[in-house]
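What follows is a short report on a single structure.
Please read all numbers here as calculations on a predicted model, not as lab measurements. Every chain is numbered from 1, with letters handed out A, B, ... down the list of sequences.
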Protein chains: 2
Amino acid sequence: MRNMNSTDTSSRGEQTRHALIDAALKVFGQAGFDAASTRSISKAANVNQALIGYHFGGKRGLYLAVFGHILSQITEHMAPVIVTVSDRVEGFSEDVEMRRQEALEVLIVAFNGLIEMFGRADSAAWVRLIVREQQDPTDAFEILYEGMMGRMMNMMTMLVSLASDLPEDSEACRVRTHMLVGQVLLFHIARGTTSRHLSWSGLSPDNINTLKEQFRLSVEAQFAPGAAFQ
Amino acid sequence: MRNMNSTDTSSRGEQTRHALIDAALKVFGQAGFDAASTRSISKAANVNQALIGYHFGGKRGLYLAVFGHILSQITEHMAPVIVTVSDRVEGFSEDVEMRRQEALEVLIVAFNGLIEMFGRADSAAWVRLIVREQQDPTDAFEILYEGMMGRMMNMMTMLVSLASDLPEDSEACRVRTHMLVGQVLLFHIARGTTSRHLSWSGLSPDNINTLKEQFRLSVEAQFAPGAAFQ
DNA sequence: CATTATTAATCAAACGATTAACTTAGTCAA
DNA sequence: TTGACTAAGTTAATCGTTTGATTAATAATG
């Protein structure tokens with residue numbers, strides 16, 4: 001019964017699928033998987049409820065399709081960042097101290113890409129979905145991690161290793177990388193506390209700039225030549 | 001037949017309420033508010049389903065009661081930490097440099113308290129609930145923030161201010177404080193990524209110690225006398 | 001004219017809430 | 001000590017809704 005036509009990208013069915021994924025992204029993000037009803041999603045997409053079953057096999061199938069969409073969004077945004085990082089890493093100096101400084105710069109570039117991606121207005125919906133999946137990951141999270149997030153974490157870890165004296169595969173290096181990610185992501189994850197403690201409503205471009213600036217100061221201090229990094 | 005005290009805290013009803021809150025904490029934490037059914041909660045509590053309505057007015061009332069319970073747990077754990085901090089702050093030196101060093105030490109003590117609290121085995125259930133509430137806070141989150149979390153954030157901000165040159169009410173100071181919290185909390189919030197990137201399953205006492213150690217190194221570098229703070 | 005897509009209607013299951021009957025426990029007059 | 005009386009607590013059953021899924025009939029497409 002169900003059929004995924006991949007040649008007609010703007011066929012009738014394709015439009016419906018797109019409308020459903022778009023609406024589902026918002027409704028799932030707002031309410032979570034269980035609280036979101038297929039009826040509210042189909043209504044938001046201006047589409048008959050039975051079409052969810054027809055095109056995606058069911059509610060769960062639509063949910064997974066949403067994560068496929070998120071993955072493509074993230075990939076699209078981070079691809080140029082990854083290319084930039086790869087290019088610059090190849091040209092790193094032989095000198096240890098110079099290379100540390102270069103790696104530090106690239107590390108900040110990479111994290112700025114992360115901050116900007118999560119700062120985009122339309123990312124708010126899928127940040128919620130990702131956070132929910134983090135709690136007890138399912139197949140949906142697997143799509144993201146295998147597709148992109150794992151790669152990004154490894155890239156960040158490599159840069160941290162180059163910018164410090166920590167071996168790339170050491171636990172300390174991975175923990176410190178994780179902490180850097182935490183410094184950035186909590187502003188998006190813990191909106192409840194963020195909005196109250198900082199009196200920020202949402203994350204304006206100004207707020208994003210403040211974030212990038214303070215993160216840079218923090219990282220430069222942590223990776224300063226004299227810093228006790230072991 | 002007059003053994004039972006009339007002002008007792010372990011009357012029949014009180015036992016039922018406790019059993020329900022205990023079970024609800026687990027089920028709500030596991031599945032979230034919507035996916036958790038009153039039937040599954042009452043079954044886990046070995047109690048009739050109608051008693052949720054009788055004792056708490058309904059599902060939502062039980063949910064709020066669970067957050068009241070969480071608040072008391074957090075308060076219980078953090079109270080001694082807050083006392084310690086308050087005491088030591090009062091005895092801080094007049095000398096600026098010495099005070100910075102003292103504040104840094106106390107800051108680490110305070111954060112270690114935070115790390116230990118979230119590291120407790122039984123905290124996993126309510127960490128999930130808090131994270132869920134962070135996304136779009138309701139009355140339930142208000143209970144936590146007004147009751148404890150706001151106070152703690154302000155305390156941390158004060159310590160950051162004393163350990164740096166940042167004014168306590170400056171945006172930079174609050175942002176940096178928030179980043180420190182993020183360094184610690186992401187390990188509990190983003191379990192999906194944590195477990196994959198670090199090959200940690202759950203958070204063992206060893207992992208907690210690693211966390212404290214690496215956090216201390218990070219903070220000492222960030223607050224080193226030479227660090228460019230602001 | 002056959003494939004693809006859409007529609008309204010309907011299904012059984014699960015949901016939160018509520019009811020009325022029933023049990024337990026503490027109070028107090030006799 | 002007893003036993004009727006009352007309030008608090010508990011129980012099984014049922015209420016009306018909403019849920020995700022599925023059906024058969026219809027429409028659009030190329």
Side-chain angles (χ1 to χ4, degrees), chain A residues 1-28 30-67 129 132 138-140, chain B residues 1-28 30-67 138-140:
Chain A
M1 287 261 194
R2 68 190 80 102
N3 179 15
M4 303 287 184
N5 195 338
S6 53
T7 53
D8 270 348
T9 51
S10 65
S11 68
R12 202 156 51 120
E14 197 60 36
Q15 284 181 7
T16 301
R17 275 190 285 273
H18 183 266
L20 274 173
I21 289 178
D22 228 49
L25 174 61
K26 286 168 189 156
V27 179
F28 277 138
Q30 191 74 37
F33 179 79
D34 295 284
S37 69
T38 55
R39 283 171 173 82
S40 66
I41 293 172
S42 57
K43 189 175 179 180
N46 263 319
V47 141
N48 191 282
Q49 183 239 353
L51 289 176
I52 292 175
Y54 179 76
H55 284 292
F56 300 99
K59 186 183 182 181
R60 183 82 197 163
L62 176 55
Y63 186 69
L64 293 176
V66 166
F67 272 81
L129 282 178
R132 285 202 167 89
T138 66
D139 327 353
Chain B
M1 296 235 184
R2 49 208 314 279
N3 295 341
M4 282 288 185
N5 199 342
S6 59
T7 60
D8 51 6
T9 51
S10 63
S11 66
R12 203 157 50 122
E14 198 62 37
Q15 284 181 6
T16 302
R17 274 189 286 274
H18 183 267
L20 275 173
I21 288 178
D22 228 49
L25 174 61
K26 286 168 189 155
V27 179
F28 277 138
Q30 190 75 35
F33 180 78
D34 294 284
S37 70
T38 55
R39 284 173 171 83
S40 67
I41 294 171
S42 58
K43 189 175 179 182
N46 263 318
V47 139
N48 191 279
Q49 184 237 353
L51 290 176
I52 292 176
Y54 179 77
H55 285 292
F56 300 99
K59 186 184 183 181
R60 181 82 197 165
L62 175 55
Y63 185 69
L64 293 176
V66 166
F67 272 82
T138 66
D139 326 352

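To the nearest 0.5 Å, atom CZ of residue B:Phe67 and atom CG of residue B:Leu62 are 11.5 Å apart.
Protein atom CG of A:Leu20 is 13 Å distant from nucleotide atom P of D:dG20, rounded to whole Å. Note: CG (A:Asp34) to P (C:dC15) measures 10 Å, nearest angstrom. Regarding B:Lys43, its NZ atom lies at a distance of 17 Å from the C1' atom of D:dT11, rounded to whole Å. Rounding to whole angstrom units, OH of residue A:Tyr63 and P of D:dG20 are separated by 14 Å. The nearest whole Å value for the distance from the NZ atom in A:Lys59 to the P atom in C:dA14 is 15 Å. The separation between B:Glu14 atom CD and C:dA25 atom P is 16 Å, rounded to whole Å. Atom CD in B:Gln15 sits roughly 10 Å away from atom P in C:dA25 (whole-Å rounding). Atom pair A:Arg39:CZ and C:dT7:C1' shows a separation of 14 Å (rounding to whole Å applied).
A donor-acceptor distance shorter than 3.5 angstrom exists from the side chain of A:Ser42 to the backbone of A:Thr38, with no hydrogens or angles considered.
Put simply, B:Thr38 has no side-chain N or O that comes within less than 4.0 Å of OP1 or OP2 on C:dC15. Taking 4.0 angstrom as the limit, A:His55 places none of its side-chain polar atoms (N or O) nearer than this to OP1 or OP2 of C:dT4. At C:dT6, one or more side-chain N or O atoms of A:Thr16 fall inside 4.0 Å of OP1 or OP2 (strictly under the cut-off).
No contact: A:Ala35 has no heavy atom under 4.0 Å from any strand.
Nearest heavy atom pair, residue A:Ala65 against residue A:Ile21, reads CB-CD1, 4.1 Å. Residues B:Arg60 and B:Thr138 approach most closely at NH2-OG1, 3.0 Å, considering heavy atoms. Across all their heavy atoms, B:Ser40 and B:Val27 have their closest contact at OG-CG1, 3.7 Å. Contact between B:Ala36 and B:Ala31 at its shortest, heavy atoms only, is N-CB, 4.0 Å.
Contacts between residues 44-54 of chain B and DNA chain D, counted as heavy-atom distances below 4.0 Å, involve B:Asn48, B:Ala50, B:Leu51, B:Tyr54.
Below 30°, between 30° and 60°, or above 60°: for B:Phe33 and B:Phe28 the angle between ring planes is below 30°, a parallel geometry.
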